[in-house]
Amino acid sequence: MDELTAIADRLYAEAADAFTDARNTAAKECGDKALAARVKKLKKPSVAAWAVNLLVRRESGQIDSVLELADSLRAAAQALDGDELRALTRQRRQLTTALASSARSLARESGVRLTGPVVEQVEGVLNAAMLDPAAARVVRTGRVLTAFTSTGVSELDVESVVALPEALDVRATPVEGSGDESGNGEPAPVGLRVVPDDGVKLAAAEEELEEAAGQVAEAEEELAEIERSVESLNARRLQLQGEADELRRRLAALEDDVDQVDEDLEEAGEARDEATSALEEARRAHSAAQRVLERLRERSR
């Protein structure tokens, strides 16, 4: 495994939301600029592709057993009649459904809930791997980029669905302690729980219902909080309304006071005019009396 493939193998084993940061860090740590540029170009996988990559690493023994069985089924299909082919198709569907169910469980353990449509995409990729040897090689790399389907008849566009298509024969490194091997070092036998064809969809629907119930609870709590806020605002509004009414009453009283002061001011102004006239008249009388007094004094000399 060359250095680029080894880096890619590590990156596509990362958690769903950690790929971009891990890729950028890996690129910065590369001593070779050309290698860093290629690392930087590695694309983030879709959620369905990430779930397939997770399944391949955590259940590598199961994947190998199922895909080896698929090889045998494809070889045997050429000699089977209609009823046997239909039975074979049901068996293949049950296996892919069981694997998709495992992928959903593993994703949930990693903190990611797969929706119904995503689970269907995972199942489509696994079904393609059972029908098409090229698709099987893509899945085994653990570097799937996006969900895809294949009937095994038309040629799969490998370069668009897997990172480093030139390293298609390099399989994903299994996660240590995943329980993929038996005690003698051989791959563990297939132990998948075969479920009805709609089992994965039903489980995904149940998860979506559980998630929706959680969202309802959150929405109810948020609504209750908003209602408490509305009640508090209504109380505050009533308080402010009371204060405003009091201020309006005070304003009306002050306006009455202003009107009264205006009346008093008008009366005071009239009184001032009268007093001013009386003062002027008194001053004129005083001046006249003073002149009379002065004339009398001059005559008495």
Side-chain angles (χ1 to χ4, degrees), residues 1 5 8-9 11-13 16 19 42-78 80 85-104 106-107 114 116-175 180 187 190 192 194-195 197 200-201 204:
M1 185 185 302
T5 306
D9 185 59
L11 291 179
Y12 287 98
F19 179 86
L42 292 174
K43 296 180 180 180
K44 180 180 178 179
S46 67
V47 176
W50 169 81
V52 171
N53 295 336
L54 175 66
L55 177 66
V56 169
R57 286 175 170 80
R58 292 288 299 275
E59 300 292 346
S60 61
Q62 300 282 19
I63 292 292
D64 287 342
S65 297
V66 169
L67 293 183
E68 287 171 5
L69 176 61
D71 291 337
S72 300
L73 294 177
R74 282 195 301 271
Q78 299 177 358
L80 298 179
L85 281 174
R86 283 189 288 274
L88 183 62
T89 300
R90 284 195 299 272
Q91 183 180 7
R92 183 177 62 245
R93 188 183 299 121
Q94 289 173 339
L95 287 171
T96 56
T97 299
L99 283 173
S101 180
S102 294
R104 176 181 55 80
L106 291 172
L114 302 186
V118 172
V119 173
E120 290 180 358
Q121 291 177 354
V122 171
E123 190 170 351
V125 172
L126 297 171
N127 187 61
M130 294 194 71
L131 292 172
D132 187 345
R137 293 173 67 194
V138 168
V139 167
R140 280 186 165 116
T141 66
R143 301 190 302 275
V144 182
L145 296 176
T146 185
F148 62 89
T149 59
S150 177
T151 62
V153 177
S154 58
E155 186 174 349
L156 176 66
D157 183 9
V158 173
E159 293 188 357
S160 66
V161 298
V162 67
L164 307 182
E166 67 274 14
L168 202 59
D169 291 328
V170 179
R171 299 186 181 185
T173 302
V175 174
D180 286 332
V190 177
L192 297 174
V194 177
V195 296
D197 294 343
V200 171
K201 297 176 183 177

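We're numbering straight along the sequence, starting at 1.
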Only one of L106, V125, V139 passes side chain to side chain contact (heavy atoms under 4.5 Å, CB included) with L55; say which it is. L106
Within the structure provided, determine whether [X] and [Y] are in side-chain contact (heavy-atom separation under 4.5 Å).
X: V122; Y: L99; answer: no
X: Y12; Y: L42; answer: yes
X: V66; Y: L126; answer: no

I'd like a table of donor-acceptor pairs (distance under 3.5 Å, sequence neighbours excluded) in which one partner is a side-chain atom from residues 144-155, with atom names and distances.
{"unit_1": "S150", "atom_1": "OG", "unit_2": "D132", "atom_2": "OD2", "d": "2.8"}
{"unit_1": "S150", "atom_1": "OG", "unit_2": "G152", "atom_2": "N", "d": "3.2"}
{"unit_1": "T151", "atom_1": "OG1", "unit_2": "V153", "atom_2": "N", "d": "3.3"}

Counting N and O atoms only, with roles assigned by atom type, does the side chain of N53 sit under 3.5 Å from a partner on the main chain of A49, one being a donor and the other an acceptor? yes
Between the main-chain N or O of T97 and the side-chain N or O of S101, is there a donor-acceptor pair closer than 3.5 Å? no
Going through the distances and angles, do L168 and V138 end up as a side-chain contact (heavy atoms from CB on, under 4.5 Å)? CA-CA 6 Å; L168 202 59; V138 168; 3.9 Å; yes
Hey, could you give me the [atom1]/[atom2] distance between [X] and [Y], rounded to the nearest 0.5 Å?
X: M130; Y: L95; atom1: CE; atom2: CG; answer: 5.0 Å
X: Q121; Y: S46; atom1: CD; atom2: OG; answer: 6.5 Å
X: L114; Y: W50; atom1: CG; atom2: CH2; answer: 6.5 Å
X: T5; Y: R143; atom1: OG1; atom2: CZ; answer: 6.0 Å
X: N127; Y: L131; atom1: CG; atom2: CG; answer: 4.5 Å
X: Q62; Y: D64; atom1: CD; atom2: CG; answer: 10.0 Å

If you compare all heavy atoms of [X] against all heavy atoms of [Y], which two are closest, and at what distance to 0.1 Å?
X: A129; Y: A136; answer: O-CB, 3.4 Å
X: A172; Y: V56; answer: CB-CG1, 3.9 Å
X: T173; Y: R57; answer: O-CG, 3.5 Å

State whether D169 and R137 are salt-bridged, where the test is any N-O pair (Lys NZ or Arg NE/NH1/NH2 against Asp/Glu carboxylate O) under 4.0 Å. yes
For E159, does the CD atom sit with more than 12 other heavy atoms under 6.0 Å from it, leaving out its own atoms? no
